[in-house]
Amino acid sequence: MMKRTHDCGELRESHSGDTVVLAGWVNNFRDQGKGLAFIDLRDRGGITQVVFNLEDCDEQTVENAHSLRREDVVAIKGVVQPRQGKANEKLATGGIEVIGQTVEVLNRTDNPPILPDEHDGEKISEEVRLKYRYIDLRRPRMQEILRIRHLVARITREYFDEHGFLEIETPLLIKSTPEGARDFIVPSRIYPGEWYALPQSPQIFKQILMVAGCDRYLQICKCLRDEDPRADRQAEFTQIDLEMSFVERDDILDLMEGFMRAVFKKVVDVDLGDIPRMPWSEAMERFGSDRPDLRFDLELQDVSELAARTEFRVFTEALAKEDGVVKAIRVPGAAESFSRKVTDGYNEVARTHGAGGLPTVKYTANGFETGIAKFLDGIGEELVSLLGLQPGDAVLFTADTRDIANTALGAVRLAAAADLDLIPEGRHDALWVVDFPMFKWDEDGKRWASEHHPFTAPRADQLEILESNPGKCLSDGYDFVVNGSEAGGGSIRIHDPNVQKTVFSLLNLSEEEAKSKFGFLLDALRYGAPPHGGIAFGLDRLVMLLAGTDNIRDVIAFPKTQNGGDLMSQAPGPVDMAQLEELQLSIVEQPDSD
């Protein structure tokens, strides 16, 4: 094989006159007849146009060129010259072409089931793309996403190395320690009837590394959770996992802000600027979400005081509830576009989040019209002032308990922003959400559950109410949010065994259960655990944000489908009975449901 001298995205007019060797795939072929052929040659670097004609090479070479078809693998030797005619501004190499002298066919392809340059998001189904992933990954778009992923990983290692972190691996075969999702379990051949679990995260091990004196830990690690996939979640995913000793919350957030600013600046040339820190309660009140999207307005306003003076039963009945509230958002200039069909759609969004409905009204030059206009007579001017209404605006309301009203209107806020194109292209807004509730009440189980995980510490000033008023206790947890997506989350951890014991008790976990599930961590905490905390960023989700895609499968080289299968390798699949027998396992057929 001829030795490649340049990649297909490298050559410029400054290379004119150079003899080069390129190698790659035939991206396109144009047979002009009369001994003339044009080939667009593609590799990871880009595309270069190659011209074959009888004036510059022998007849056999031109004949070989004419025999090429798309996705054949070839090496070509030729001379660089400025492109004849108009430059192709769509290509980095659009100002030059290579005059082919020799072509070596390295491998001819069968008729490809898909072509790398024909996918525009609709022409090829995702199932076909995943089945022939080795061709799909040849697409320039996919190559760019893989490059972004590599760049994020490189920046991560460089940044944290500069700040004294050690990259340490934690095991993939561990004891099952429930952390909120279903474990993948692995049978042991050596210990029949006993099982390993695959880690949902390295949480316990990274805390033990802090007890072990490692001080600052980093790992880009695989995590596995046996849960249903969705657009932004896979059963197998990757975390940037970190832990630090002898730190408080602000120490961690300051260091991680520097990391995030470095990633966004180096990858997409975006300056995140100062990253605000917003209490969870404020995020819920203003945006109806614990991962608020700050790229647009439409903030929620509490209009309970005005609503209480109306005779609208939806408002008055909601306000009669414990913690009842009426919330509203002003949607500028939307009165004309908010047809009955549109508002009915938003009504359904609100209902799916627990609200009974979504009262609406339009504000025009003549005052309030349609919807609940007749109930606003006594409070109209005050409502206009409170919401800052202008003629042509629409107003959307929710009325229920504070939690439901905020969450439902927050979901409607996102739907309206998408419908009205209120989200600026290419903008990235980040924030920290802090001061989460330590616990949430599980109505079905009639017990407290962790908002983050059971190793999250309460804020230092909240320890005195940890037992007496757990529902009001705030944790030392934090989430990093970009564009309305949670890109990372972490907390200061519990390092005091007595506090950990109290938290387990509040979670209705007995000493015996705690020792069975987390015994080795509890033992470690007894032998001099330092104050420590950390965070995990979702690498896949972070690359999604940087690459501008909303599908996590686009940023993983070999992802699973929505149903958890690998269409290319045909996993999961059967195993030999001999393998099962060696593990002392058997397959039991499920009885018919009839």
Side-chain angles (χ1 to χ4, degrees), residues 2 4-57 61-107 109 112 114-124 129 135-148 151 267-269 425-426 547-549 554:
M2 293 185 290
R4 182 168 64 170
T5 62
H6 299 77
D7 70 38
C8 293
E10 190 176 347
L11 299 176
R12 301 292 187 272
E13 291 188 56
S14 60
H15 294 94
S16 294
D18 292 354
T19 299
V20 299
V21 176
L22 304 178
W25 288 262
V26 176
N27 189 69
N28 209 348
F29 176 86
R30 299 183 299 282
D31 186 347
Q32 302 295 97
K34 298 181 181 179
L36 180 63
F38 291 86
I39 290 173
D40 290 339
L41 192 65
R42 184 196 71 246
D43 66 7
R44 192 183 76 186
I47 294 175
T48 297
Q49 177 173 281
V50 183
V51 183
F52 288 95
N53 63 73
L54 289 173
E55 295 179 6
D56 298 290
C57 57
T61 298
V62 174
E63 186 176 325
N64 289 342
H66 277 287
S67 72
L68 298 177
R69 293 297 176 263
R70 298 176 73 173
E71 299 310 303
D72 283 345
V73 185
V74 300
I76 293 172
K77 180 179 180 180
V79 177
V80 182
Q81 71 171 25
R83 184 179 291 233
Q84 301 300 301
K86 188 177 180 181
N88 185 345
E89 296 180 358
K90 294 181 180 180
L91 297 178
T93 60
I96 61 94
E97 59 192 9
V98 172
I99 304 303
Q101 296 175 332
T102 306
V103 58
E104 180 181 353
V105 179
L106 303 176
N107 206 338
T109 180
I114 61 175
L115 290 169
D117 65 346
E118 71 179 8
H119 176 65
D120 62 1
E122 297 179 2
K123 289 183 180 177
I124 306 173
R129 287 178 56 205
I135 300 177
D136 184 55
L137 287 175
R138 295 177 193 170
R139 292 193 292 118
R141 170 63 172 159
M142 297 303 295
Q143 291 287 319
E144 173 64 11
I145 289 174
L146 294 179
R147 187 194 69 80
I148 290 173
L151 185 56
V267 177
V268 291
D269 195 26
E425 187 88 19
T549 179
D554 284 344

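Below, each value reflects all heavy atoms present in this structure, side chains not excepted, and no hydrogens, waters or symmetry copies.
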(request) Kindly say whether Cys8 contributes a backbone atom to a donor-acceptor pair with the side chain of Thr48 at under 3.5 angstrom? (result) yes
Side-chain polar contacts of residues 98-105 - donor-acceptor pairs under 3.5 angstrom, sequence neighbours left out - could you list them?
{"residue": "Glu104", "atom": "OE1", "partner": "Met2", "partner atom": "N", "Å": "3.0"}

(request) Taking salt bridge (charged side-chain N to carboxylate O under 4.0 Å, His left out) as the test, write out the residues that go with Glu63, two or more places apart. (result) none
(request) Only counting residues at least two apart or in another chain, list the ones meeting side-chain contact (heavy atoms from CB on, under 4.5 Å) with Val62. (result) Leu54, Cys57, His66
(request) For the pair Asp72 (side chain) and Thr109 (backbone), establish whether a donor and an acceptor sit closer than 3.5 Å, ignoring hydrogens and angles. (result) yes
(request) Quick one: closest heavy-atom pair of Asp136 and Met142, and the distance? (result) O-CG, 3.5 Å
(message) Can you tell me how far apart CG (Leu11) and CD1 (Ile96) are? Round to the nearest 0.5 Å.
(response) 5.0 Å
(message) I'd like to check Leu36 versus Val51 (side-chain heavy atoms, cut-off strictly below 4.5 Å). Are they in contact?
(response) yes
(request) For residues Leu106 and Val74, determine if any side-chain heavy atom of one lies less than 4.5 Å from a side-chain heavy atom of the other. (result) no
(message) So, taking the atom named OG1 in Thr549 and the one named CD1 in Ile145, what distance separates them when rounded to the nearest 0.5 Å?
(response) 5.5 Å
(message) Going by salt bridge (charged side-chain N to carboxylate O under 4.0 Å, His left out), name the pairs with one or both residues in residues 42-55, residues two or more places apart or in two chains.
(response) Arg4-Asp43, Arg42-Glu71
(request) For Asn107, check side-chain hydrogen bond (donor to acceptor under 3.5 Å, both in side chains) against everything at least two apart and list the hits. (result) none
(request) Write down the atom of Asp7, the atom of Leu22, and the distance for their closest heavy-atom approach. (result) O-CD2, 3.9 Å
(request) Can you tell me which residue pairs pass the salt bridge (charged side-chain N to carboxylate O under 4.0 Å, His left out) test with a partner in residues 11-31, sequence neighbours excluded? (result) Arg30-Asp40
(message) Can you tell whether the side chains of Arg139 and Asp554 come within less than 4.0 Å, N to carboxylate O?
(response) no
(message) With a 3.5 Å distance limit and no angle check, can you tell me whether Arg70 reaches the backbone of Val26 through a side-chain donor-acceptor pair?
(response) no
(message) Per the ring pair (Phe, Tyr, Trp, His ring centres under 6.0 Å) rule, what does the pair list look like for residues 17-50, sequence neighbours excluded?
(response) none
(request) Kindly write out the residues that satisfy salt bridge (charged side-chain N to carboxylate O under 4.0 Å, His left out) with Arg147, not counting sequence neighbours, or none if the list is empty. (result) Glu144
(request) Can you measure from CD (Gln143) to CZ (Arg138) and round to the nearest 0.5 angstrom? (result) 10.0 Å
Donor-acceptor pairs under 3.5 Å, side chain of residues 84-95 to any protein atom, not counting sequence neighbours: which ones?
{"residue": "Gln84", "atom": "NE2", "partner": "Pro82", "partner atom": "O", "Å": "3.2"}
{"residue": "Asn88", "atom": "OD1", "partner": "Lys90", "partner atom": "N", "Å": "3.0"}
{"residue": "Thr93", "atom": "OG1", "partner": "Ile47", "partner atom": "O", "Å": "2.4"}

(request) Applying side-chain hydrogen bond (donor to acceptor under 3.5 Å, both in side chains), name anything that partners Ser16, two or more places apart in sequence or on another chain. (result) none
(message) Once side-chain hydrogen bond (donor to acceptor under 3.5 Å, both in side chains) is applied, do any residues pair with Asp56, and if so which ones, sequence neighbours excluded?
(response) Asn53
(request) For residues Ile76 and Phe52, determine if any side-chain heavy atom of one lies less than 4.5 Å from a side-chain heavy atom of the other. (result) yes
(message) Strictly distance-based, threshold 3.5 Å: is any side-chain N or O of Thr5 a donor or acceptor partner for the main-chain N or O of Val20?
(response) no
